[in-house]
Amino acid sequence: MASNPPNTAEEWKFDGKVVVITGASKGIGKATASAFAAAGAKVVLAARTRETLEQVAADLRKNGAEALAVPTDVTDIDAVQRLIEETLDVYQRVDILVNNAGVGYFGPIVDFAPDDWDVVIDSNLKAIYLCAKYVLPPMLAQGGGQIINVLSIAAKVAFEASAAYCAAKAGALALTKVLASEVRRQNIRVTAVLPGSVHTPFWDGVPEHPDFEQMLKPEHVAGTIISICGQPSGMVTEEIVVMPPLGIL
């Protein structure tokens with residue numbers, strides 16, 4: 001009789017796997033790093049703020065994990081190349097990439113600054129392209145891998161005063177589907193994870209937001225990512241929507 005699949009992130013085993021996580025200094029990225037570390041993976045943490053990132057890595061090491069902090073602006077080509085090169089220098093492979101970094105600026109289109117538009121598109125869309133582009137060569141060389149793109153329900157649902165954010169996430173969903181079709185025959189699985197509202201520092205600068213108590217927790221999304229990466233090699237989850245129990249967007 002087949003055994004039941006694991007029910008919690010801690011039950012999945014990723015011993016020796018190398019996982020690169022962007023936006024890893026807080027929120028979903030930090031929770032995902034903790035979940036993979038607890039499951040035995042070697043985690044490479046990428047984010048812009050060096051001090052916060054290195055503190056997350058230090059905390060993981062205190063609990064016996066292998067963690068490497070690589071300060072990275074994922075919208076910068078050279079920085080993304082350095083992230084992958086340093087990972088390969090230390091661990092010689094990349095098994096899983098979690099594209100989680102992103103920012104959100106909000107306001108009606110008529111008032112929205114073009115510079116802010118560029119920042120939102122670059123951080124939520126261009127960054128996924130760059131990280132995938134530079135992680136694919138080592139994944140192809142080693143014969144496989146997994147890419148998880150953490151997007152948002154905004155990829156499918158239009159919100160007022162969110163044109164740049166919704167456009168970036170919708171574009172990232174399309175990018176994910178194209179990438180999946182390009183590499184599935186090379187044993188590289190690509191999945192889009194679309195959460196509803198998650199209680200993270202993302203909301204710190206948003207005056208009007210859903211009730212924090214009704215949002216998802218970062219650990220919910222981290223557990224979803226872990227479970228996708230732990231699926232048998234003969235199956236692929238191409239897209240998954242994760243919503244709070246009350247359906248709060």
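Just so it is clear, the structure is predicted and the values come from calculations on it, not from any experiment.
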Exercise. Does the pair Y165 and Y105 meet the rule for a side-chain contact (heavy atoms from CB on, under 4.5 Å), with working shown?
Worked result: CA-CA 7 Å; Y165 190 72; Y105 296 156; over 6 Å; no

For this session: Please lay out, stage by stage, how V135 and I147 fare under the test side-chain contact (heavy atoms from CB on, under 4.5 Å).
Result: CA-CA 9 Å; V135 84; I147 297 175; 4.1 Å; yes

Taking only residues at least two apart or on different chains, which pairs with a member in [range] satisfy side chain to side chain donor-acceptor pair (under 3.5 Å)?
range	answer
residues 111-134	N124-K169
residues 144-153	N99-N149, Q146-R189, N149-T176
residues 28-53	R50-E54
residues 55-64	Q55-D59

Problem set entry | Evaluation steps, side-chain contact (heavy atoms from CB on, under 4.5 Å), between L60 and V43 | CA-CA 9 Å; L60 292 175; V43 293; 3.8 Å; yes

Exercise. Would you say Q142's side chain and G144's backbone share a donor-acceptor pair under 3.5 angstrom?
Worked result: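 Judged by distance alone, yes, a pair lies under 3.5 Å.
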
For this session: Give every residue pair that meets the salt bridge (Lys or Arg N to Asp or Glu O under 4.0 Å) criterion with at least one member in residues 92-103, sequence neighbours excluded.
Result: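 Pairs touching residues 92-103 that pass the test: R93-D95.
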
Exercise. Can you list every salt bridge (Lys or Arg N to Asp or Glu O under 4.0 Å) pair that touches residues 135-160, not counting sequence neighbours?
Worked result: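 Sorted pair list: K156-E239.
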
Problem set entry | ring-ring contact (aromatic ring centres under 6.0 Å, His included) partners of residues 17-46, not counting sequence neighbours, each pair once |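 For residues 17-46, and leaving out neighbouring residues, the ring-ring contact (aromatic ring centres under 6.0 Å, His included) pairs sorted by first residue read F14-F36.
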
For this session: Begin from the C-alpha positions of I28 and V198 and carry the test side-chain contact (heavy atoms from CB on, under 4.5 Å) through to its verdict.
Result: CA-CA 8 Å; I28 294 170; V198 184; 4.2 Å; yes

Nearest heavy-atom pair of [X] and [Y]: which atoms, and what distance?
X	Y	result
T22	C131	CG2-SG, 4.1 Å
A41	V19	CB-CG2, 3.8 Å
L151	P195	O-CD, 3.6 Å
L125	A172	CD1-N, 3.5 Å
S162	F106	OG-CD2, 3.4 Å
A37	A65	CB-CB, 3.6 Å

Exercise. With sequence neighbours left out, what residues match T237 under side chain to side chain donor-acceptor pair (under 3.5 Å)?
Worked result: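 Testing T237 for side chain to side chain donor-acceptor pair (under 3.5 Å), a comparison that skips the adjacent residues, returns Q231.
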
Exercise. L88, L140: one ILVMFWY side-chain cluster at the under-4.5 Å cut-off?
Worked result: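 Yes; L140 is reachable from L88 via cluster members.
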
Can you list the residues that meet the side-chain contact (heavy atoms from CB on, under 4.5 Å) rule with [X], with sequence neighbours excluded?
X	value
L68	V44, V70, E86, V90, Y91
L53	A24, S25, L45, A47, A69, P71
A180	R184, V190
D15	none

Problem set entry | Neighbour count above 12 (heavy atom, 6.0 Å) for I77 CD1 |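 No, not enclosed.
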
